[in-house]
Amino acid sequence: MATLISPSILSADFANLERDLGAISTADYAHVDVMDNHFVPNLTLGLPVFERLAQVSPVPLDAHLMIDDADRWAPQYVEAGAASVTFHAEATAAPVRLAREIRRMGARAGIALRPATPVEPYVDLLAELDMVLVMTVEPGFGGQSFIEGTLPKIRRTREAVRASGHDVWIQVDGGVARSTIARAAEAGANVFVAGSAVYGAQDVAGEIAALRAAAQDAFRG
Ligand code: DX5
Ligand code: ZN
């Protein structure tokens with residue numbers, strides 16, 4: 001299984017998003033954090049901005065919806081051009097119906113789990129999903145420190161994916177940097193979101209390459 005890097009544009013310059021998407025053209029995806037000031041105490045951007053980002057991005061968009069009522073909104077992000085749409089388990093009434101709808105429309109379907117949300121209720125539903133996002137910080141803000149206590153959940157998720165026989169990616173998001181990425185990869189994550197580590201680097205492309213190399217070395221699929 002490939003290890004993939006998805007830099008979060010939450011740490012980009014919001015007045016220069018096209019330029020900052022261009023800076024991560026060597027990444028596998030661009031991670032776009034959509035926050036509604038209800039599901040999380042922060043507000044970022046919505047559909048009209050997302051749609052333009054999809055038109056100008058050199059890499060496919062990985063939408064992370066930190067919004068209430070995901071059942072209503074997530075399909076519209078597929079329509080707006082997302083290659084992958086991840087909704088929160090805590091914000092959907094019908095995760096399987098929603099994942100099926102996202103896939104039917106042609107995007108990858110992901111489910112995100114806050115640090116205190118267990119993966120166990122979802123392990124029998126892995127056939128319906130393309131990705132599980134194990135949040136490694138409380139969602140809402142960039143620049144927080146990696147929660148080490150999420151590592152056992154990453155391991156249990158990888159074991160469940162292996163047992164299921166399905167090709168489900170495991171994404172980690174929050175506090176991912178050179179100092180933490182190997183532990184997440186060793187635990188079984190293969191898709192790495194990094195905001196401040198990538199956009200805070202002097203050499204953005206060099207940082208993406210360094211993160212990818214560290215992840216590849218440590219990944220246990
Ligand atoms: C947090 C967001 C993350 C955030 C990560 O709620 O989901 O994608 O941008 O930022 P860093 O990498 O700085 O922790
Ligand atoms: Zn995110």
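In each ligand, atom 1 is the first atom listed, and ligand 1 is the first ligand listed.
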**Message:** Which residue in the set Ile67, Asp71, Ile102 passes side chain to side chain contact (heavy atoms under 4.5 Å, CB included) when paired with Phe87?
**Reply:** Ile102

**Asked** Looking at atom 1 (C) of ligand 1, what's its closest protein heavy atom, distance included?
**Response** Phe141 O, 3.5 Å

**Message:** Restricting to N, O or S, what is the name of the atom of Asp173 that lies nearest the Zn ion (ligand 2)?
**Reply:** OD2

**Asked** Heavy atom of Ala197 under 4.0 Å from ligand 1?
**Response** no

**Message:** Considering non-hydrogen atoms of the protein only, which is the closest contact for atom 5 (C) of ligand 1, and what is the distance?
**Reply:** Asp173 OD1, 3.5 Å

**Item:** Residue His64 vicinity, atoms of ligand 1 by number, heavy atom under 4.0 Å
**Value:** 7 (O)

**Item:** Nearest non-hydrogen protein atom, atom 6 (O) of ligand 1
**Value:** Gly140 N, 2.7 Å

**Request:** Would you confirm whether Thr180, through its side chain, and Gly175, through its main-chain N or O, come within 3.5 Å as a donor-acceptor pair?
**Result:** yes

**Message:** As a test of reading the structure, name the N/O/S atom of His64 that is nearest the Zn ion (ligand 2).
**Reply:** ND1

**Fill in**
Which atom of Asp33 is nearest the Zn ion (ligand 2), counting N, O or S only? It is OD1

**Request:** Say whether, by atom type as modelled, one donor and one acceptor occur between the side chain of Asp28 and the main chain of Ile5 under 3.5 angstrom.
**Result:** yes

**Prompt:** Is there a nitrogen or oxygen of Ser196 sitting under 3.5 Å from a nitrogen or oxygen of ligand 1?
**Reply:** yes

**Message:** Any salt bridge linking Glu207 with Arg178? Criterion: basic side-chain nitrogen under 4.0 Å from a carboxylate oxygen.
**Reply:** yes

**Request:** Measure the acute angle between the ring planes of Phe39 and His88, then classify it against the limits of 30° and 60° as parallel, tilted or perpendicular.
**Result:** tilted

**Message:** Within the 4.0 Å heavy-atom shell around Val193, which atoms of ligand 1 are there?
**Reply:** 8 (O)

**Asked** Heavy atom under 4.0 Å from ligand 1: found in Ala194's side chain, backbone, both, or neither?
**Response** backbone

**Request:** Pull out every atom of ligand 1 sitting under 4.0 Å from any heavy atom of His31, numbered as shown with elements.
**Result:** 8 (O)

